[in-house]
Engineer: 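Structure incoming, see below.
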Amino acid sequence: MPELPKTYTPSEAEERWYQRWLDDKCFEADPARVSEKRPAYSIVIPPPNVTGILTLGHVLNNTIQDILCRRARMLGKEVLWLPGTDHAGIATQNVVEKTLKKQGVIKHRDDLGREKLVEKIWEWKEKHGGIIIQQLKKLGASCDWSRERFTFDDDYNRCVMQVFVDLYKKGHIYRGKRMVNWCPSSLTALSDEEVEMKQQNGFMYHFKVQVVEEPDTWLTIATTRPETIPGDTAVAVNPNDERYKHLIGKHIRRPLPLENQAAIPIVGDEHVDFEFGTGVLKVTPAHDKADFEIGQRHHLEIIDVLHPNAVLNDLAGADLAGLERFEGRKKAVELLKEMEALIKEEPHQNNVGYSERAGVPIEPRLSEQWFLKYPSVPASQDVVAKGEMKFYPDRWAKVYDHWMGGLQDWCISRQVWWGHRVPVWTKRYTASLREVLSEVSGVMVQDIHPQPSGSDSSDIAILIDGNSYPADSASLYEIEQKEDPLLDEQREIEVQIATTRLDVQSNFESLAGFTQDPDVLDTWFSSWLWPFATMGWPNKTDDLKAFYPTTDLVTGPDIIFFWVARMIMAGYEYMGEMPFKNVYFTGIIRDKQGRKMSKSLGNSPDPLELIASYSADALRFGIMRSAPLGQDIAFDEKNVELGRNFCTKLWNASRFRQMQGGSTETEISPELLSSDDKWILLRLNTAIAEVTTALEEYRFSDATATLYRFFWSEYCDWYVEASKAVLQGTDEKRKANTLAVIDFVLGNTLRLFHPFLPFITEELWHGMGFNEDLPENQGGKSIMFAPWPKPLDADELAYFGILPEDEKAANEKYEAVNLGRGLKSSFNITKKVRFVLKPSSELPAHEIEVLRILLNAEPLDVDAAYAAPKGTPSALTPLGTICLPLDGLIDVEAERARITKELDKANSELQKVCAKLADENFTAKVPQKVLDEHQQRKADWKEKKAKLEEMMSALG
RNA sequence: GCACGGAUAGCUCAGUGGUAGAGCGGCUCGUUUACACCGAGUUGGUCGGGGGUUCGAAUCCCUCUCCGUGUACCA
């Protein structure tokens with residue numbers, strides 16, 4: 001057996017093994033190897049931001065994925081863990097823009113222009129991108145790096161474009177002027193999911209306005225946003241509100257801007273709640289979603305008083321123009337005060353939408369954006385509702401279902417430059433439809449290249465004035481030739497061409513002066529295609545055939561709508577199948593005080609520093625141990641320390657084995673098995689079964705708890721110590737047999753641990769020589785391909801002569817040891833000392849030797865007839881009475897006190913159980929089994945009590 | 001507002017009707033040839049409050065409080 005160094009150096013071993021795994025292509029999946037006997041197992045990584053760095057959240061998430069993948073390999077599956085990164089449009093552009101500004105390269109992105117800035121971002125990506133990939137390697141992630149993807153790769157870009165055009169053609173994607181969530185900091189629209197509602201402590205301002213037609217009548221309006229008064233184009237009251245309904249149709253004088261105190265109508269609208277505020281609502285259609293809708297119903301004018309960056313513009317009036325919106329609010333209140341219109345301001349709590357990314361309140365803003373009506377909704381909703389796709393924990397299924405039931409169209413356009421540009425070219429004509437058709441079909445004729453075979457016609461779509469037209473010149477020509485006076489009517493006509501084809505794009509640009517839409521797509525519009533776009537879609541690749549649908553998805557619940565739900569819909573729409581079978585939602589990592597990890601709080605430890613001080617294995621084990629299914633994780637560095645300690649224990653226990661010498665033993669002789677051997681083999685069986693079940697049910701913290709208990713508390717604390725009775729003896733045959741048991745247990749243990757602790761288990765697997773004599777692909781090359789342990793089955797247990805009650809026998813011995821050690825400790829004996837055992841039945845010499853070693857007794861006398869001197873401390877054990885003769889050191893009082901305590905306990909327990917058994921209500925109604933248990937308990941306590949009393953009287 | 005999670009030892013959590021558990025921490029010992037990143041012993045809880053069902057409740061039912069998450073919102 002090779003020699004292990006005295007101490008383990010994780011940094012060196014982890015580096016070395018990871019490189020070796022890469023060199024040996026251990027992580028690379030091959031669809032050709034997939035067969036009925038070798039099923040596929042696949043996971044796509046939730047792509048981290050390409051410019052991001054590793055956080056504890058990533059550690060948690062990726063450790064889980066790695067555990068699943070490594071176990072799948074050990075189960076003999078062909079495993080694909082597909083990694084990659086996300087271009088993270090807004091975030092990445094922000095980072096680069098900020099940096100360039102800091103460096104003084106630019107003041108504004110317009111200084112560079114679109115192309116140059118995108119170039120700069122690519123440069124940034126090449127330089128800083130992918131740091132997180134290197135960090136994942138440090139963690140031990142067994143991803144197939146040969147398949148690494150980026151959502152902005154050329155291939156991937158083509159997928160995004162194709163999907164866009166296809167959905168456009170199907171009418172799922174449209175452009176529209178709508179109220180959207182506008183981020184005044186990033187200067188882009190956001191989807192509803194990117195807006196976080198936060199409770200605010202603000203003010204409700206009450207101000208009065210005069211009714212134009214009845215100068216004596218004043219109305220009081222309550223608002224939280226007085227700065228938008230210049231944008232008011234009506235006030236609304238509920239038509240059923242007796243107080244105000246007679247005023248509907250009249251006007252009020254809008255107080256701001258001072259230079260334009262216009263008369264605006266009073267309208268009746270059911271939306272107004274008469275209970276709330278004053279029952280009079282100011283209507284600002286440009287700056288509030290509900291107001292916009294009221295405006296639509298009553299055909300109100302729309303006055304936008306804000307610049308895109310939320311600075312008030314000239315329409316807000318001279319007093320407010322140029323002020324930032326919150327400054328504007330203060331100023332507006334002042335103005336109302338000055339004109340004595342302000343009645344009161346009272347503290348008011350309301351919810352305000354914040355841009356998740358920029359952390360500033362969003363501004364409802366009317367703008368032209370691209371929207372997606374979600375496809376494949378019923379199938380996507382059903383698959384989860386019917387349990388064909390499983391969520392862990394399953395309560396997320398309800399959350400998902402609820403969201404799917406109330407889908408709003410997805411705003412997919414973003415006003416930034418780093419991203420997939422909307423593949424739509426537009427031109428606005430003032431012409432007749434015939435002229436327009438003529439130009440369009442003319443350009444189409446220039447498109448002489450036939451479409452590649454296998455691709456459908458979905459790559460060109462034409463929309464004229466909102467109506468879909470056939471995308472070929474012949475059909476267009478036919479329409480153009482129709483006898484229809486409408487075709488000759490001169491008017492405004494907008495033409496949209498959506499296409500993935502470069503030739504068509506350039507023809508429309510150069511021949512007809514079409515321009516491409518400036519917007520890019522929401523990053524999630526690319527990542528929702530991740531499970532198949534990464535595998536070569538739209539081609540029917542071997543990867544897709546073998547690995548789609550993927551098996552498991554591991555992600556955080558915070559992106560259940562952003563990503564998970566959308567991937568399911570894209571999966572059905574483009575693959576006709578669910579993208580994954582199981583979704584595991586991790587918890588959120590919090591600090592010890594329960595706060596979320598955040599940069600500003602500085603409570604987020606750097607995982608790489610943790611790896612440097614404790615090792616990747618330690619970090620993995622620590623975080624898995626503290627991550628119960630469905631609950632947030634309170635992160636405590638102590639857990640990582642514990643992980644490191646555990647690795648050290650594993651190392652030292654292995655060294656202990658190796659110091660016993662000999663080669664790896666494989667033959668266990670049933671007739672030489674001791675009670676301890678049988679016990680540990682049974683405990684190993686239990687551990688294997690528990691860990692296996694826990695992993696099948698995604699209960700990772702339970703799996704680690706079992707591993708910890710088994711290895712530390714059972715194997716090291718009891719079995720190794722007990723085995724010393726043999727190993728320190730002279731019987732070579734028994735020694736070899738004990739070593740065989742140890743090797744069997746350690747070999748299984750290392751394999752059980754491998755998914756959690758990939759590095760140290762690999763190091764020990766080789767260091768202990770367990771890889772020797774194994775086929776290359778069965779653990780010879782790497783423990784990661786060694787078979788996952790199986791419990792001994794009934795036949796094997798029979799062969800070894802192991803019976804279930806063997807576990808009890810050893811447990812009784814260990815209980816006796818505990819009691820003996822307790823005696824020593826309560827009498828403050830710290831040295832080796834003599835024990836005397838009065839056995840209740842005869843014990844084999846070997847058992848006595850084990851007892852002696854575990855008790856650290858010198859000597860251990862066994863004497864059934866032993867008459868202890870008065871005052872000798874003793875304990876009742878399942879093996880008999882253990883006495884601790886203390887020549888000349890007898891402390892009768894101490895012993896009396898100790899026994900009294902135990903007697904009290906026995907008495908009270910006896911009383912409890914007797915009371916129960918005396919209760920007829922109890923005995924009449926309880927099942928026989930429970931009754932028997934109670935009777936047994938009564939007998940046990942009675943016996944214990946009698947013996948304790950005997951001991952007491954022996955004290956004198 | 002609605003929905004869902006959670007409240008058990010100082011901390012993190014197991015425990016779904018039958019004698020309240022684990023790990024960590026605390027405390028006391030200990031250089032016994034694998035390990036002080038260790039070993040041995042020991043101390044910690046009217047199971048969030050109240051009510052109910054039951055012979056029996058941490059566990060089932062009702063109710064309240066607090067924490068968290070999602071979701072909908074009224075200016």
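Note on naming: letters A, B, ... go to the chains in the order of the sequence lines (proteins, then strands), and numbering restarts at 1 for each one.
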Engineer: Taking the inter-plane angle between the rings of A:Phe646 and A:Trp712 on a 0 to 90° scale, is it parallel (under 30°), tilted (30 to 60°) or perpendicular (over 60°)?
Structural biologist: tilted
Engineer: Is it true that A:Glu193 and A:Arg566 have a side-chain N and a carboxylate O under 4.0 angstrom from each other?
Structural biologist: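 Answer for the salt bridge query: yes.
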Engineer: May I ask you to verify if any side-chain N or O of A:Asn350 is less than 4.0 angstrom from the OP1 or OP2 atom of B:C74?
Structural biologist: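 Checking B:C74 against A:Asn350, no side-chain N or O comes under 4.0 Å of OP1 or OP2.
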Engineer: Taking Watson-Crick and G-U wobble pairs with both distances under 3.5 Å, convert RNA chain B into its dot-bracket string, 5' to 3', dots for unpaired and | for cross-strand pairs.
Structural biologist: ((((((((.[[[[.)..(..]]]].(((((.......))))).....[[[[[..)....]]]]])))))))....
Engineer: Keeping the roles fixed (side chain from A:Lys638, backbone from A:Gly622), state whether a donor-acceptor pair exists under 3.5 Å.
Structural biologist: no
Engineer: Spell out yes or no: do the side chain of A:Glu721 and the base of B:A34 have one donor N/O and one acceptor N/O closer than 3.5 Å?
Structural biologist: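 Donor-acceptor pair under 3.5 Å: yes.
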Engineer: If you take atom types as modelled and just measure distance, does the side chain of A:Lys638 reach the base of B:C24 with a donor-acceptor pair under 3.5 Å?
Structural biologist: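 Counting by modelled atom types and ignoring angles, no donor-acceptor contact under 3.5 Å is found here.
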Engineer: Base, sugar-phosphate alone, or nothing: which one does A:Pro557 contact when heavy atoms must sit under 4.0 Å apart?
Structural biologist: nothing
Engineer: Looking at A:Arg243 and A:Asp241, does any basic side-chain N land under 4.0 Å from a carboxylate oxygen?
Structural biologist: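 Yes, this pair counts.
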Engineer: Checking all strands, does A:Lys282 fall into the base, sugar-phosphate, or nothing category for heavy-atom contacts under 4.0 angstrom?
Structural biologist: nothing
Engineer: Within the modelled atom types, does a donor on one side and an acceptor on the other bring the side chain of A:Arg644 and the base of B:C37 under 3.5 Å apart?
Structural biologist: yes
Engineer: Pick base, sugar-phosphate or nothing for A:Asp288, based on heavy-atom distances below 4.0 Å to the nucleic acid.
Structural biologist: nothing
Engineer: May I ask you to say what A:Val930 touches in the nucleic acid, namely base, sugar-phosphate or nothing, with a heavy-atom cut-off under 4.0 Å?
Structural biologist: base
Engineer: Name all pairs fulfilling the salt bridge (Lys or Arg N to Asp or Glu O under 4.0 Å) condition that reach into residues 712-723 of chain A, sequence neighbours left out, sorted by first residue then second.
Structural biologist: A:Arg683-A:Glu714, A:Arg709-A:Glu714, A:Glu721-A:Lys724
